[in-house]
Amino acid sequence: MSIDTDRFRAELEQHRERLQKTIAHHDIGGASLTEETGELMSSSVDNHLADTASETYERELDEGLEEDAQQQLREVEGALERLEAGEYGTCSACGKKIPVERLEAVPWTTLCIDDARKLAR
Ligand SMILES: [Zn+2]
């Protein structure tokens, strides 16, 4: 097997955590998380005091992309499910293997570059 699934799993889990924090932070669907961190959240609604590590990341998402965070979270969770099912790294459109370089760039992708380009058109 050419794909290091452990590595991608770790990466995807890390990414999922960030997205979950971002979503909770923006209060767009993470009600329980928000409650758990209620102390922080109530001190300043618009204060970006999440982990400094994710600060830059969140700033990017702040630019009108909160909904994308939820969309991406679903994609990341889907990728983790495919990892568990042993289907990770296979294009969902044409069934070919997705090159590792592409998975490294976009670990949650379900499409090979050709099909991704087709969709983007
Ligand atoms: Zn394909």
Side-chain angles (χ1 to χ4, degrees):
M1 169 165 255
S2 58
I3 293 173
D4 184 350
T5 50
D6 284 346
R7 191 176 121 219
F8 283 112
R9 183 182 289 112
E11 209 167 303
L12 284 164
E13 280 173 351
Q14 209 173 43
H15 204 71
R16 178 175 62 182
E17 204 174 304
R18 278 187 185 174
L19 286 167
Q20 281 168 342
K21 273 188 197 167
T22 302
I23 290 164
H25 179 74
H26 287 283
D27 198 22
I28 52 169
S32 61
L33 267 177
T34 306
E35 273 165 31
E36 280 169 28
T37 54
E39 209 179 307
L40 286 176
M41 297 303 284
S42 62
S43 62
S44 169
V45 172
D46 200 29
N47 190 356
H48 296 186
L49 36 64
D51 296 349
T52 45
S54 61
E55 205 182 303
T56 312
Y57 183 80
E58 290 199 339
R59 206 174 294 137
E60 281 170 34
L61 285 165
D62 275 346
E63 311 195 346
L65 293 171
E66 289 97 1
E67 284 184 17
D68 280 0
Q70 282 195 323
Q71 170 65 29
Q72 210 174 68
L73 180 61
R74 280 195 291 272
E75 287 177 13
V76 168
E77 283 175 342
L80 282 163
E81 280 169 25
R82 290 198 304 281
L83 258 179
E84 296 307 321
E87 295 164 2
Y88 185 70
T90 303
C91 176
S92 64
C94 68
K96 284 189 212 151
K97 293 277 177 214
I98 300 170
V100 171
E101 305 84 69
R102 173 156 168 75
L103 293 172
E104 278 168 358
V106 196
W108 53 88
T109 190
T110 62
L111 294 168
C112 68
I113 192 80
D114 289 339
D115 285 308
R117 282 194 184 129
K118 276 182 217 161
L119 270 187
R121 266 175 213 155

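In this chain, numbering begins with 1 at the start of the sequence shown.
Counting only heavy atoms from C-beta outward, the side chains of Glu104 and Arg7 approach each other to under 4.5 Å. Counting heavy atoms from C-beta on, the side chains of Thr90 and Lys96 never come closer than 4.5 Å.
Interatomic distance, CG of Leu12 versus CG of Leu103, reported as 9.0 Å (0.5 Å rounding). In this structure, CD1 on Ile23 lies 9.0 Å from CD on Gln72, to the nearest 0.5 angstrom. Separation of atoms CZ (Arg74) and CG (Leu19) is listed at 11.5 Å; rounding is to 0.5 Å.
The aromatic rings of His15 and Trp108 lie parallel to each other, with less than 30° between the two planes, well short of the 60° mark.
Summarising the hydrophobic clusters (Ile, Leu, Val, Met, Phe, Trp, Tyr; side-chain heavy atoms under 4.5 Å, direct or chained), the residues clustered with Leu111 are Leu119.
Cluster annotation: Ile3 is connected to Val76 through the hydrophobic network of ILVMFWY side chains, with a link wherever side-chain heavy atoms come within less than 4.5 Å. The hydrophobic cluster containing Val106 does not contain Ile113, counting ILVMFWY residues as joined when their side-chain heavy atoms lie under 4.5 angstrom apart, directly or transitively.
Contact between Cys94 and Cys91 at its shortest, heavy atoms only, is N-SG, 3.4 Å. Between Arg102 and Ala116, the closest heavy-atom pair is NH2-CB, 3.3 Å.
Checked against side-chain hydrogen bond (donor to acceptor under 3.5 Å, both in side chains), Arg9 has the following partners two or more places apart in sequence or in another chain: Asp6, Glu84. Residues passing the side-chain hydrogen bond (donor to acceptor under 3.5 Å, both in side chains) test with Arg16, sequence neighbours excluded: none.
Judged by distance alone, with hydrogens and angles left aside, the side-chain atoms of Ser92 form a donor-acceptor pair with the main-chain N or O of Thr110 at under 3.5 Å.
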